[in-house]
Trainee: 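Would you mind keeping the following structure in view while I ask a few things?
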Amino acid sequence: MLRRLAALFLLLPLAAPLGAQGSNRPDNPAALFSQVLDIVSRTALDSLSQAAVFEKAARGLVAELGDPYASLLSPEDLARFQRNTIGNRYGGIGATVRSQADRVTLFRVNNGTPAWLAGLRAGDRILSVDGVVVSGMSVDSVTKHLLGEPGTGIDVVFVRAGESAENQAHIVRNVIRVPAVPFTLMFDETVGYIPIQRFNRTAAEDVAAAVRTLSQAGARRFVLDLRGNGGGDLDAAVAMAGLFLKGGDEVARVIHRGQQPVVYTVGEVVDIGNAPLVVLVNGGSASASEIVAAALQETERGTLV
């Protein structure tokens, strides 16, 4: 209640002085922002640094655009985005963690990674990292403890699922490459299934390799699974869509106000002829996934499901 009252009282001084000084005139919009910034800095209930105030103002501006695809990323947000979607390599242990009900567990441990070699498996509950208790921490906070320079070591205390005894493992971080295609499957001896989990810089190469492997195994029809894929690198999306189109076909067009459109066309093509292609999408398919799906649909090269 006190915070709400403070907000109400903050609004009162803005009305009269702005009109009196003419700061709210259309030809002087900068003065309006300066006056609001001054009042907030002096009278807001919570003390904020100037850097924090400007960041919040910038976030508010982006939010008020009403564009669901526009966002302002902090350095930490950017690093996470590059690691999870665009970046191919990072220094870590090669495992994915989840935090739920104060329990931090390993959701996935990739074969051959430092975590795997140290004996950790999916389902293990992480208790501490280098003596720091991680129970109850957010995924991002736990991840910060696990990531680091390749070659450096960490000590992890964990409990195996279904057991009560605590175990300790020393893990030496290494450069981790996360593939865009974690695995492939064959159905009915002629259908090749390719799940695509990210759009990093080698995503198109990973998909092309998967298509070739499945083709050699007898695949004559293909399923690209983009469900839950939130996207990533634009160039990777263009290259991936281009694998299944004709050379020179337009994949995407980026338009900026006052500039000539940037047109992205097909480069390398995987030779699978006119093999039927189905693309699986859902509400979690966004960004680069939508570019690929739309390009294959618009050219009638693939069928969306």
Trainee: Please name the pair of heavy atoms, one in A115 and one in A95, separated by the smallest distance, quoted to 0.1 Å.
Mentor: CB-CB, 4.1 Å
Trainee: Could you give the distance from CG (L304) to CD (E298), rounded to the nearest 0.5 Å?
Mentor: 9.0 Å
Trainee: How long is the span from the CG atom in D225 to the OG1 atom in T184, to the nearest 0.5 Å?
Mentor: 13.0 Å
Trainee: I126 vs L120, test: side-chain contact (heavy atoms from CB on, under 4.5 Å). Steps then yes/no.
Mentor: CA-CA 10 Å; I126 306 300; L120 274 72; 4.0 Å; yes
Trainee: Please report the shortest heavy-atom distance between A237 and V292, naming the atom on each side.
Mentor: O-CG2, 3.5 Å
Trainee: Looking at side-chain heavy atoms only, is the closest gap between V97 and L146 below 4.5 Å?
Mentor: yes
Trainee: Quick one, N167 with V156, criterion side-chain contact (heavy atoms from CB on, under 4.5 Å). Give me CA distance, side-chain angles, the key distance, then yes/no.
Mentor: CA-CA 8 Å; N167 305 283; V156 174; over 6 Å; no
Trainee: Heavy atoms only: give me the nearest R227-S285 pair and the separation to one decimal.
Mentor: CA-OG, 3.6 Å
Trainee: Is it the case that one hydrophobic cluster holds both L280 and V191, taking links as side-chain heavy atoms less than 4.5 Å apart, direct or via other members?
Mentor: yes
Trainee: How long is the span from the CZ atom in F187 to the CG atom in L214, to the nearest 0.5 Å?
Mentor: 10.5 Å
Trainee: Tell me, yes or no, whether the heavy-atom count around R98 atom CZ, taken from other residues, nucleotides or ligands under 6.0 Å, exceeds 12.
Mentor: no
Trainee: To the nearest 0.5 Å, how far apart are CG in L37 and CZ in R42?
Mentor: 10.5 Å
Trainee: So, N282 side chain and G228 main chain: donor-acceptor pair closer than 3.5 Å or not?
Mentor: yes
Trainee: Treating D233 as the side-chain partner and A236 as the backbone partner, does any N or O pair qualify as donor plus acceptor under 3.5 Å?
Mentor: yes
Trainee: Does any non-hydrogen side-chain atom of S99 lie less than 4.5 Å from one of V139?
Mentor: yes
Trainee: Under a 3.5 Å cutoff, is there a donor and acceptor pairing between the side chains of R221 and T190?
Mentor: yes
Trainee: What's the shortest heavy-atom distance between I176 and P114, and which atoms?
Mentor: CD1-CD, 3.6 Å
Trainee: Would N110 and W116 count as a side-chain contact (heavy atoms from CB on, under 4.5 Å) here? Give the steps.
Mentor: CA-CA 7 Å; N110 298 318; W116 176 273; over 6 Å; no
Trainee: For the CG atom of N274 and the CZ atom of R220, what is their distance to the nearest 0.5 Å?
Mentor: 13.5 Å
Trainee: Tell me whether R59 contacts the main-chain N or O of L72 through its side chain, where contact means a donor paired with an acceptor under 3.5 Å.
Mentor: yes
Trainee: Do F244 and L224 have side chains that get closer than 4.5 Å, going by heavy atoms?
Mentor: yes
Trainee: CZ of R103: more than 12 outside heavy atoms within 6.0 angstrom?
Mentor: no
Trainee: Minimum heavy-atom separation for S135 to R125, with atom names?
Mentor: OG-NH2, 4.1 Å
Trainee: Give the C-alpha distance, both sets of side-chain angles, the deciding distance and a yes or no for side-chain contact (heavy atoms from CB on, under 4.5 Å) between M240 and I196.
Mentor: CA-CA 10 Å; M240 188 181 301; I196 305 170; 3.5 Å; yes
Trainee: Using a 3.5 Å distance criterion without hydrogens, assess whether the side chain of E290 forms a donor-acceptor pair with backbone atoms of S287.
Mentor: yes
Trainee: Does CD belonging to E300 count more than 12 external heavy atoms closer than 6.0 Å?
Mentor: no
Trainee: Hey, are T152 and R173 close enough side-chain-wise for a donor-acceptor pair under 3.5 Å?
Mentor: yes
Trainee: Please check this pair: side chain of N174 against backbone of P150, looking for a donor-acceptor N/O pair closer than 3.5 Å.
Mentor: no
Trainee: Would you find a donor on one side and an acceptor on the other, under 3.5 Å apart, between the side chain of S49 and the backbone of A52?
Mentor: yes
Trainee: Look at atom CD of Q100 and say whether more than 12 heavy atoms of other residues, nucleotides or ligands are closer to it than 6.0 Å.
Mentor: no
Trainee: Check the hydrophobic clustering (I, L, V, M, F, W, Y; side-chain heavy atoms under 4.5 Å; chains of links allowed) and say if V281 and V181 are grouped together.
Mentor: yes
Trainee: Minimum heavy-atom separation for P182 and A180, please, with both atom names.
Mentor: CD-O, 3.5 Å
Trainee: With rounding to the nearest 0.5 Å, note down the distance linking CG in L277 to CZ in R301.
Mentor: 5.5 Å
